[in-house]
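Reviewing the structure listed below.
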Amino acid sequence: MTQGRPDGTELHAFIDVDSTHKRVYGRTKQGAEYGRFKGIRTLHPLLATVCTPQSRPVIAGVRMRRGKAADSRGAPKFVSEALATAREAGCTGTRILRADSHYYNAGVIAACRRADAHFSITTGMNPSIKRAVHTIPDDAWQHISYPTAVPDPKTGELISDAEVAEIPQYTAFASRKTPGA
């Protein structure tokens with residue numbers, strides 16, 4: 001998992017954080033609860049993995065949650081621990097946290113900044129994000145193709161292409177008051 005290469009350059013390390021639900025059977029299964037899936041007993045762990053372009057993913061952290069706990073509950077601390085584990089495992093280059101919209105909150109972003117890590121976190125649309133998206137020039141969008149098609153949530157049609165762009169002038173949670181201010 002060491003980041004350095006023989007030529008002295010460093011590689012990126014990706015820290016992926018996600019939640020999962022695993023159905024279990026039996027009334028005495030430790031940690032299993034009824035949660036989001038009505039009438040189904042499941043385990044609800046948060047998972048963090050670390051990988052580099054030259055290594056396979058390894059588990060950096062696992063945390064069990066209660067059945068109906070939000071995915072983001074305790075996420076800032078969990079992210080801090082996963083980023084620290086990546087560094088302790090030898091990831092000395094740029095560390096990039098990747099997460100879905102459940103982790104789009106000020107605490108997770110602050111944890112990344114404290115750890116001097118970059119982040120790529122999906123978010124839903126809100127008025128400030130819509131305004132920022134409308135400022136992106138047409139030539140800034142980059143085409144990407146998914147290796148497998150995904151269904152469109154509205155039409156059910158299979159989609160294998162998308163476009164992405166960066167909004168460098170957008171600062172998430174800029175309107176929040178800082179603690180003690």
Side-chain angles (χ1 to χ4, degrees), residues 1 3-5 7 9-21 46-61 70-87 91-178:
M1 188 64 66
Q3 290 277 273
R5 293 172 28 183
D7 62 5
T9 60
E10 291 186 332
L11 298 173
H12 298 303
F14 298 99
I15 297 88
D16 294 305
V17 180
D18 205 353
S19 62
T20 188
H21 303 274
L46 292 178
L47 301 170
T49 59
V50 178
C51 69
T52 70
Q54 295 182 336
S55 71
R56 294 182 181 180
V58 294
I59 296 173
D71 291 348
S72 62
R73 182 181 174 123
K77 185 170 190 229
F78 185 65
V79 163
S80 292
E81 292 169 358
L83 291 167
T85 299
R87 176 138 345 244
C91 297
T92 57
T94 303
R95 291 168 299 143
I96 304 168
L97 178 93
R98 300 185 296 192
D100 64 23
S101 60
H102 295 289
Y103 302 94
Y104 180 73
N105 66 60
V108 168
I109 291 171
C112 290
R113 289 188 172 138
R114 279 191 305 272
D116 195 30
H118 296 247
F119 52 89
S120 174
I121 303 175
T122 305
T123 181
M125 290 294 248
N126 65 42
S128 68
I129 291 174
K130 285 181 183 179
R131 283 190 301 273
V133 167
H134 288 299
T135 68
I136 301 172
D138 289 340
D139 62 350
W141 292 93
Q142 296 180 12
H143 178 82
I144 59 171
S145 292
Y146 294 107
T148 56
V150 294
D152 183 307
K154 293 180 182 172
T155 66
E157 181 182 347
L158 292 177
I159 304 169
S160 60
D161 296 313
E163 289 185 328
V164 296
E166 184 175 349
I167 308 172
Q169 69 275 13
Y170 180 78
T171 303
F173 310 108
S175 66
R176 292 179 57 100
K177 291 183 179 178
T178 56

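Numbering of residues begins at 1 and proceeds along the displayed sequence.
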Item to check | Side-chain touch Asp100/Asp18, heavy atoms, less than 4.5 angstrom | outcome: yes
Next on the checklist: How long is the straight-line distance from CD1 of Ile96 back to SG of Cys112, given to the nearest 0.5 Å?
Outcome noted: 11.0 Å
Checklist entry - Hey, does Cys91 have a side-chain heavy atom less than 4.5 Å from the side chain of Val50? => result yes
Item to check | Non-hydrogen atoms of Ala140 and Ala165 that approach each other most closely | outcome: O-CB, 3.9 Å
Checklist entry - What distance separates Ile144 CD1 from Asp161 CG, expressed to the nearest 0.5 Å? => result 8.5 Å
Next on the checklist: Return the NE2 to OG1 distance between His12 and Thr52, rounded to the nearest 0.5 Å.
Outcome noted: 11.0 Å
Checklist entry - Closest approach of Asn105 and Pro76, non-hydrogen atoms and distance? => result OD1-CG, 4.2 Å
Checklist outcome for this item: The complete set of ring-ring contact (aromatic ring centres under 6.0 Å, His included) pairs with one or both residues in residues 103-160, sequence neighbours excluded, reads Tyr104-Phe173
Checklist entry - Atom OG1 in Thr94, atom CG in Asp116: separation rounded to 0.5 Å? => result 8.5 Å
Next on the checklist: So which atom in Ser101 and which in Thr123 form the shortest heavy-atom distance, rounded to 0.1 Å?
Outcome noted: CB-CA, 4.1 Å
Checklist entry - More than 12 foreign heavy atoms under 6.0 Å from CD of Glu163: is that the case here? => result yes
Checklist entry - Heavy-atom count around Asn126 CG within 6.0 Å, excluding the residue itself: above 12? => result yes
Checklist outcome for this item: Minimal heavy-atom distance between Arg95 and Ala86, with the atoms involved, is CD-CB, 4.2 Å
Checklist entry - Does any non-hydrogen side-chain atom of Leu97 lie less than 4.5 Å from one of Val108? => result yes
Next on the checklist: Does Ile59, at its CD1 atom, have more than 12 non-hydrogen atoms belonging to other residues, nucleotides or ligands within less than 6.0 Å?
Outcome noted: no
Checklist entry - Between the main-chain N or O of Glu81 and the side-chain N or O of Thr85, is there a donor-acceptor pair closer than 3.5 Å? => result yes
Checklist entry - Taking Arg98 for the side chain and Phe14 for the main chain, is one N or O donor matched with an acceptor at less than 3.5 Å? => result no
Item to check | Shortest non-hydrogen contact from Ala60 toward Ala82 | outcome: CB-O, 4.4 Å
